[in-house]
Amino acid sequence: MNKSQKSFRPKARVPKGLRDMSAGMVRAEERMLARIREVYERYGFDPLETSAFEYADALGKFLPDEDRPNEGVFSFQDDDEQWLALRYDLTAPLARYVAENYDALPKPFRRYQTGPVWRNEKPGPGRFRQFTQFDADTVAAPGVAADAEMCMMGADCLEALGIPRGSYRIRANNRKVLDGLLERIGIAGEPGSTTYMTVLRAIDKYDRLGRKGVELLLGPGRKDESGDFTKGAGLSPSQITAVVDYVESGVGEGASDRKLVLDGWRNVVGESAIGREGLDELAEMDALFTAAGYGLDRIEFNSWIVRGLGYYTGPVFESDLLFEVKDEVGNPVRFGSVGSGGRYDGLVERFKGVKVPATGFSIGVSRLQAALELLGKLDVEDVLAPVVVLTLDAANMAGYQAMVSELRAAGIRAELYLGGSGMKAQLKYADKRGAPIAVIEGEDERTKGEVTLKDLILGSEMSKEIEDNAAWREGQPAQVAVPRARLVEEVTAMLARHRSVRGHHG
RNA sequence: GCAGCCGUAGCUCAGCUGGUUAGAGCGCUAGAUUGUGGAUCUAGAGGUCCCCCGUUCGAUCCGGGGCGGCUGUACCA
């Protein structure tokens, strides 16, 4: 036997940035998805599902390049040599779907979609290489009423998820205001140019780096605490001042009213036509928010919300949690926004050649879940574990099977102990499982036509007061012998008692 | 991608200024305590000391390279 063959063992490990989800996490996520879905449905969106991967050219300009074939997206070649890529969001597949089925769809077309997406990026807290998003989009809707709806629906979703009003904020802005500002202060470069994007991204970091950091990024560049240097946009001092003044006009005291913020921005955009247009759109959105009763405690206009992505063309928005999140060790964790969106009028155009205005909102379910988990606000474990029927006597498996079947037929979660260990281990198993009741039928019970029901929840309460082992065992805490024929009724009664003690359920 | 710190049991870590069989606590598996989850006691399993190369009589420890993790930063279409 070859030595290397003999000693080879694959290392059991989950790939970085991916994770396994235990029962509690799966249930928590499903609950979140159900609540979001309910809101989306109420707003009149219909479900759509598209596949997990697409032809790479349909997803965007991101064909694998030679140096780093998997940069950003995970991609691979089909047997006909065509490049496929795992979807990195749900918007690009939507654009493909709309373009492919354009004539058959009602317009506007409103759909929601959830599912995993994949990005080949460096993972971090609340940042994974596979994560779940939940999107709603309205396609072929030119007016900003569609954008305003997204903002309001985003607020509704967060509240439906149990985040209290005041603990989150939907922050909106308009790319056109930014365009107006840059036009006024004479920054050369079309939207999408390097300088334009560098300025945008610098503004985007105001939240994190403050005025000083943004000034450096707009000017010569910034060195971070690890000594790494980030190249700046190279603006002149007066340009920098203009940009930073604008950014600070939308925060703090000045942001006390959406209308006041817009008034302040009139000077920012000056005579710029595109800037004026942006402000008019925001004013229209404000009117809609106000009419629908969405005040500043839910939606605000915010100058440093610009979104780093190139494809947004109008209103942009994101949702942020306002409370501080700390990790297990107590260090503050910086989560990005838990939802974001905006208007992308050019995405379908890539396929159709005609402009199809669209806007959408995407909730980062995985990130939100990670944040709520660290906050201890993720309600896990309200699913009752099964009743466990112990199998003490291999010759009587049929009898045990009959009990489990009766319990299941009565709608009670129940399982046979299927391991190979003795009674003590079986109870330990039931305990670890969180089982409310263990059903015990040994020889003694069988001859008497009884079963013993052990109330594991009550027993665990009692054990806190018993130190002595003899007393603990002799007392046979919280168990009762009942006639075998009354198994289902007695178990049902015991479960009902648990429910009333626990007080909540439903 | 760039920079800093870090890699010893499932987890949290100790240890060795380079020397035979690498340890603890918790966890896990079992035994004792009448056929009973907690507690207590006993035993057992579990390690290529991240990997490779070099220095050395000898490397978990020293040097180089790699890989992985964390943090910051960048990127996030």
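All figures in this text were calculated on a predicted structure; none of them were measured in a lab. Below, chain A is the first sequence line, B the second, and so on; all start at residue 1.
Between E489(A) and R486(A) there is a salt bridge, since at least one side-chain N of the basic residue sits less than 4.0 Å from a carboxylate O of the acidic one. At a threshold of 4.0 Å, the pair R433(A)-E415(A) counts as salt-bridged, since one of the basic side-chain nitrogens sits closer than that to a carboxylate oxygen.
Between C75(B), G37(B), U73(B), one nucleotide has an atom nearer to the side chain of R201(A) than all others, and that is C75(B). Comparing G37(B), A74(B), G35(B) against the side chain of L217(A) picks out A74(B) as the nearest. Closest to the side chain of K454(A), out of C76(B), G37(B), G35(B), is G37(B). Looking at the side chain of M423(A), the nearest of the listed nucleotides A74(B), G35(B), A30(B) is G35(B).
As rounded to whole Å, 9 Å separates atom P of C75(B) from atom CE of M197(A). When the C1' atom of C2(B) is taken as reference, atom CD of E121(A) falls 16 Å away, rounded to whole Å. Rounded to whole Å, the distance from NZ on K16(A) to C1' on C50(B) is 16 Å. Here the P atom of nucleotide G37(B) and the CG atom of L453(A) are 17 Å apart, to the nearest Å. Atom-to-atom, CZ of R127(A) to P of U73(B) comes out at 11 Å; the value is rounded to the nearest Å. Y417(A) places its OH atom 18 Å from the P atom of G35(B), with the value rounded to the nearest Å. Rounded to whole Å, the distance from NZ on K122(A) to P on C70(B) is 9 Å. Straight-line distance from the NZ atom of K231(A) to the P atom of A3(B): 19 Å, rounded to whole Å.
Comparing the same atom, P, in C61(B) and in U17(B) gives a spacing of 13 Å after rounding to whole Å. Rounded to a whole angstrom, the distance from the C1' atom of G47(B) to that of C53(B) is 23 Å. Going from the P atom of C50(B) to that of G37(B) covers 40 Å, rounded to whole Å. Taking atom P on both G18(B) and C26(B), the two are 32 Å apart, rounded to the nearest angstrom. Across the C1' atoms, G31(B) and U36(B) are found 16 Å apart, a figure rounded to whole Å. To the nearest whole angstrom, the two C1' atoms, one in U29(B) and one in A9(B), are 15 Å apart. When the P atom is compared between G27(B) and U40(B), the two are found 9 Å apart, to the nearest whole Å. A59(B) and C52(B) are spaced 14 Å apart, taking the C1' atom of each and rounding to whole Å.
Looking at heavy-atom distances under 4.0 Å, T230(A) makes contact with sugar-phosphate atoms alone, never a base. In this structure, K205(A) reaches the sugar-phosphate backbone alone: every heavy-atom distance under 4.0 Å involves primed, P, OP1 or OP2 atoms, never a base. Counting any heavy atom pair closer than 4.0 Å across all strands shown, I440(A) reaches a base atom. Residue-level contact check: S421(A) touches the backbone only, with heavy atoms under 4.0 Å from sugar-phosphate atoms and none from bases.
For a distance-only test at 3.5 Å, the side chain of Q479(A) qualifies as a donor-acceptor partner of the base of U36(B). A donor N or O paired with an acceptor N or O is found under 3.5 Å between the base of G35(B) and the side-chain atoms of E445(A).
The partner of U56(B) cannot be assigned: no Watson-Crick or G-U wobble pair with both contacts below 3.5 Å exists in any strand. Across all strands shown, the partner of U73(B) is G1(B), judged by Watson-Crick or G-U wobble contacts whose two distances both fall under 3.5 Å. Searching all strands for a Watson-Crick or G-U wobble partner of A30(B) with both distances below 3.5 Å returns U42(B). Across all strands shown, G35(B) forms no Watson-Crick or G-U wobble pair with both key distances under 3.5 Å. Pairing of U21(B), defined by two Watson-Crick or G-U wobble distances under 3.5 Å, is not identified with any nucleotide. Pair check for U48(B) finds none; no Watson-Crick or G-U wobble contact set falls under 3.5 Å. Across all strands shown, G68(B) pairs with C6(B); the Watson-Crick or G-U wobble distances both stay below 3.5 Å.
Side-chain atoms of T50(A) and Q113(A) form a donor-acceptor pair, as typed in the model, at a separation below 3.5 Å. Between R307(A) and S340(A), the side chains place a donor N or O and an acceptor N or O closer than 3.5 Å (distance only, hydrogens not considered). Side chain to side chain, Y55(A) and D78(A) fail the donor-acceptor criterion of an N or O pair below 3.5 Å. The closest side-chain donor-acceptor pair between T138(A) and R110(A) falls under 3.5 angstrom.
Heavy-atom distances to RNA chain B give each of G422(A) and E441(A) a nearest nucleotide, and the one nearer the 5′ end belongs to G422(A). Comparing K432(A) and L209(A) along RNA chain B, the residue whose closest nucleotide (by nearest heavy atom) sits nearer the 5' end is K432(A).
Taking a 6.0 Å sphere around CD of E49(A), one finds it holds 12 or fewer heavy atoms contributed by other residues, nucleotides or ligands.
Classification of the F53(A)-F76(A) ring pair by plane angle, with boundaries at 30° and 60°, yields perpendicular.
Cation-pi geometry between R19(A) and F128(A) is met: the NZ or CZ atom falls under 6.0 Å from the ring centre, inside 45° of the normal.
Not one side-chain nitrogen or oxygen of R433(A) sits closer than 4.0 Å to the OP1 or OP2 atom of G37(B). Remark: R208(A) is not in phosphate contact with G72(B), judged by side-chain N or O atoms under 4.0 Å from OP1 or OP2.
Looking at R169(A), R171(A), R208(A) one by one, the single match for salt bridge (Lys or Arg N to Asp or Glu O under 4.0 Å) with D320(A) turns out to be R171(A).
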Would you tabulate the pairs of protein nitrogen or oxygen atoms and nucleotide nitrogen or oxygen atoms of nucleotides 38-42 of chain B closer than 3.5 angstrom?
unit_1 : atom_1 : unit_2  : atom_2 : d
G38(B) : N7     : W472(A) : NE1    : 2.4
G38(B) : O6     : N469(A) : ND2    : 2.4
G38(B) : O6     : W472(A) : NE1    : 3.4
G38(B) : N2     : I466(A) : O      : 2.3
G38(B) : N2     : E467(A) : O      : 3.3
A39(B) : N6     : N469(A) : ND2    : 2.9
A39(B) : N1     : N469(A) : ND2    : 2.9

